[in-house]
Amino acid sequence: MAQIAILGAGMVGICTALALQERGHDCVVVDRRPPGSETSYGNAGIIQAEAVEPYALPVNPLLMLRMAFGWKNAVALHWPSLPRQFPALYSYWRSSAETPLGKVVPVWRQLVAEAVPRHDALIGASGAGGLIRRHGYWDVHATEAGLAAALREAERRRLHYGVDFEAADSDMLARAEPALRTKVPGAIHWTAPWTCVAPGQLVAAYADLFRTRGGRIVQGDAASLTQSGRGWRVGGEAVEHAVVALGPWSPELLKGLGYRVPMVRKRGYHLHYDCDSGPSRPMLLADHSVVLSPMLAGLRIATAAELSAAEAATYPPQLARGEAVAKTMFQLGKAVEGSAWSGTRPCLPGMLPLVCKAPHHAGLWFHFGHGHQGFTLGPVTAERFARAFDGEAGAIAGLDGGIS
């Protein structure tokens, strides 16, 4: 039995602690804030069983340029921040080409295939079933051409990966969503994903399960991590091993230990709105790059990606556009909060999470970089991490690159 400190109480960190604990290790989770309070709280709440390919960048420079100037609301740029992000973005773009992406997809596909079963086990053990909906989400398109292209892509995924879906025309969507006020050409119903009505509460439920099984969660600053003899000290805890699972904050911590981990930081926003008659399941509005998710706190409008090192906006343009289109589709009430929540997705240029032992420090491990899919993949890579920690090197094959 090893004594292990896991730095970070998000979905990835809590699941890492649970997986190690299940194998008999003595674990303590260290974070400044309660479990599920940061990036894991702010997502669209979808366990994405259909996301069998990672989020690659367009390799066509003209398409990249269109996105840079706001096409489909997919990207918001803070131009003064780009020089700082450019090296990692360029590496990300190169990794999105056909040949390197082809090497990533099989690994990614297997991880995603394990996501719902891994969550299912934790949901059952933690008693969190009341937070979960098992009827997928809508991928809604505003034009006939866009819907036709999306259906072709969905059919490709079904043919190559066995991902199931249902096509809904305008009338079928209207019957399924009687509160919908706008006639649209139709949607794809991705049937395999599960959705969560309170992502932060799900992480908190997993954390309670960890405590119930004898684990400890302490408030502390990961920046206090220092070597101590043959082990480590952090947050007042002395341990043999430390696992860095801090998501977007991981590279900055590791820089002090001599590691350079390139990362693209994509900021996302959300805001909840009163909405008595909203969608029955999350809706991805493909032409506006926002997700409308029914949550316990209200209808959550979640945005795509903002590339910015500037201070988070109170009410960013991407969110304003999402709110405007949502008001045409549903009877949207007032915003529940006074300002938008913001969080950062930790995207590594190679598009796979980093799960490995530190090459230059005994007892130090890395587990971060899940990009848009930390909420989905946390339990999956955590189980693989625990197996690797106990000596099964093949458990993290393909997930151990990109550091120096």
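- At a threshold of 4.5 Å between non-hydrogen side-chain atoms, the residues Pro294 and Pro279 count as touching.
- With Trp249 contributing its side chain and Ala222 its backbone, the two residues share no donor-acceptor pair below 3.5 Å.
- Counting only heavy atoms from C-beta outward, the side chains of Ile4 and Asp26 never approach each other to under 4.5 Å.
- Taking CD1 of Ile14 as the start and OG of Ser126 as the end, the distance is 12.0 Å to the nearest 0.5 Å.
- A donor-acceptor pair under 3.5 Å is formed between the side chain of Thr376 and the backbone N or O of Ile46.
- Between the side chains of Thr381 and His367, at least one donor-acceptor pair of N or O atoms lies under 3.5 Å.
- Taking CZ from Arg321 and NZ from Lys72, the interatomic distance works out to 10.0 Å, rounded to the nearest 0.5 Å.
- A salt bridge is absent between Lys334 and Asp274; no separation between the charged side-chain nitrogens and carboxylate oxygens falls under 4.0 Å.
- When atom types are taken as modelled, the side chain of Ser40 and the backbone of Gly10 share no donor-acceptor pair closer than 3.5 angstrom.
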| request: Under the side chain to side chain contact (heavy atoms under 4.5 Å, CB included) rule, what do Arg216 and Phe210 come out as? Steps first, then yes or no, please. | output: CA-CA 8 Å; Arg216 292 184 301 119; Phe210 170 66; 5.5 Å; no
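- Two residues are said to be in side-chain contact when any heavy atoms from C-beta on lie closer than 4.5 Å; Phe385 and Leu399 fail this criterion.
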| Going through the distances and angles, do His270 and Tyr41 end up as a ring-ring contact (aromatic ring centres under 6.0 Å, His included)? | CA-CA 10 Å; His270 82 237; Tyr41 164 79; 5.5 Å; yes
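- Two residues are said to be in side-chain contact when any heavy atoms from C-beta on lie closer than 4.5 Å; Phe368 and Leu7 fail this criterion.
- Aromatic ring pairs are classed by plane angle as parallel below 30°, tilted from 30° to 60° and perpendicular above 60°; the pair Tyr259 and His361 is tilted.
- Here the OH-SG distance, from Tyr92 to Cys347, works out to 5.0 Å after rounding to the nearest 0.5 Å.
- Under a 3.5 Å cut-off, the side chain of Gln21 and the backbone N or O of Cys27 do not form any donor-acceptor pair.
- Glu337 and His272 share a donor-acceptor pair across their side chains, judged by distance under 3.5 Å alone.
- Between Glu306 and Lys266 there is no salt bridge, since no side-chain N of the basic residue sits under 4.0 Å from a carboxylate O of the acidic one.
- Looking only at distances, a side-chain donor or acceptor of Ser96 sits under 3.5 Å from a matching main-chain atom of Leu57.
- Heavy-atom minimum distance, Ile217 versus Ala207: CD1-CB, 3.7 Å.
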| field | Chi angles and distances behind the side chain to side chain contact (heavy atoms under 4.5 Å, CB included) call for Met329, Met283 | value | CA-CA 11 Å; Met329 299 179 73; Met283 280 188 170; 4.3 Å; yes
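- More than 12 heavy-atom neighbours from other residues, nucleotides or ligands sit within 6.0 angstrom of CZ on Arg134.
- Side-chain contact between Met11 and His370 is absent, with no heavy atoms from C-beta onward closer than 4.5 Å.
- Partner of Ile301 under the side-chain contact (heavy atoms from CB on, under 4.5 Å) criterion, chosen from Leu271, Val291, Leu319: Leu319.
- In terms of heavy-atom proximity, Ala49 sits nearest to Val112 at O-CG1, 3.6 Å.
- The distance from atom CD of Glu22 to atom CZ of Arg213, rounded to the nearest 0.5 Å, is 6.0 Å.
- Contact annotation: the side chain of Val28 approaches that of Val239 to within less than 4.5 Å [non-hydrogen atoms, C-beta and beyond].
- Scanning all heavy atoms of the two residues, the minimum distance from Val29 to Gly8 falls at CG1-O, 3.6 Å.
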| request: Just do the side chain to side chain contact (heavy atoms under 4.5 Å, CB included) check on Leu299 and Leu332 with the steps written out, would you? | output: CA-CA 8 Å; Leu299 183 66; Leu332 201 65; 3.7 Å; yes
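- No donor-acceptor contact under 3.5 angstrom links the side chains of Gln318 and Tyr269, judged on distance only.
- The minimum heavy-atom distance between Gln373 and Ala51, with the atom names listed, is NE2-CB, 3.6 Å.
- A donor-acceptor contact shorter than 3.5 Å is absent between the side chain of Asp390 and the backbone of Arg387.
- Between Glu153 and Arg157 a salt bridge is recorded (basic side-chain N to carboxylate O distance below 4.0 Å).
- Rounded to the nearest 0.5 angstrom, Thr182 OG1 and Leu180 CG are separated by 6.0 Å.
- Taking 4.0 Å as the cut-off between side-chain N and carboxylate O, Glu252 and Lys255 count as a salt-bridged pair.
- With a 4.5 Å cut-off on side-chain heavy atoms, Cys15 and Tyr206 count as touching.
- Using bins of under 30°, 30° to 60° and over 60° for the plane-to-plane angle, the ring pair Phe375/His119 lands in the tilted bin.
- Nearest heavy-atom pair across Gly350 and Ser95 is CA-OG, 4.0 Å.
- Although no hydrogens or angles enter the test, the distance criterion places a donor-acceptor pair under 3.5 Å between the side chain of Thr143 and the main chain of Gly146.
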Would you be so kind as to tabulate the donor-acceptor pairs closer than 3.5 Å made by side chains of residues 160-174, with sequence neighbours excluded?
{"unit_1": "Tyr161", "atom_1": "OH", "unit_2": "Glu53", "atom_2": "OE2", "d": "2.5"}
{"unit_1": "Asp164", "atom_1": "OD1", "unit_2": "Arg158", "atom_2": "NH1", "d": "2.9"}
{"unit_1": "Glu166", "atom_1": "OE1", "unit_2": "His189", "atom_2": "ND1", "d": "3.4"}
{"unit_1": "Asp169", "atom_1": "OD1", "unit_2": "Asp171", "atom_2": "N", "d": "3.2"}
{"unit_1": "Asp169", "atom_1": "OD1", "unit_2": "Met172", "atom_2": "N", "d": "2.8"}
{"unit_1": "Ser170", "atom_1": "OG", "unit_2": "Lys183", "atom_2": "NZ", "d": "3.1"}
{"unit_1": "Ser170", "atom_1": "OG", "unit_2": "Val184", "atom_2": "O", "d": "2.9"}

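- Using a 4.5 Å heavy-atom threshold, the side chains of Asp287 and Val140 count as separate.
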| Derivation and outcome, side chain to side chain contact (heavy atoms under 4.5 Å, CB included), residues Val59 and Leu101 | CA-CA 11 Å; Val59 293; Leu101 184 61; over 6 Å; no
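- Using a 4.0 Å cut-off between charged nitrogen and carboxylate oxygen, Glu392 and Arg384 do not count as a salt-bridge pair.
- No side-chain donor from either of Glu240 and Trp232 sits under 3.5 Å from a side-chain acceptor of the other.
- Closest approach of Pro248 to Pro346, counting heavy atoms only: N-CB, 3.5 Å.
- Relative orientation of the Tyr90 and Phe86 rings is parallel, given thresholds of 30° and 60° on the angle between their planes.
- In this structure, OG on Ser293 lies 12.5 Å from CZ on Arg281, to the nearest 0.5 angstrom.
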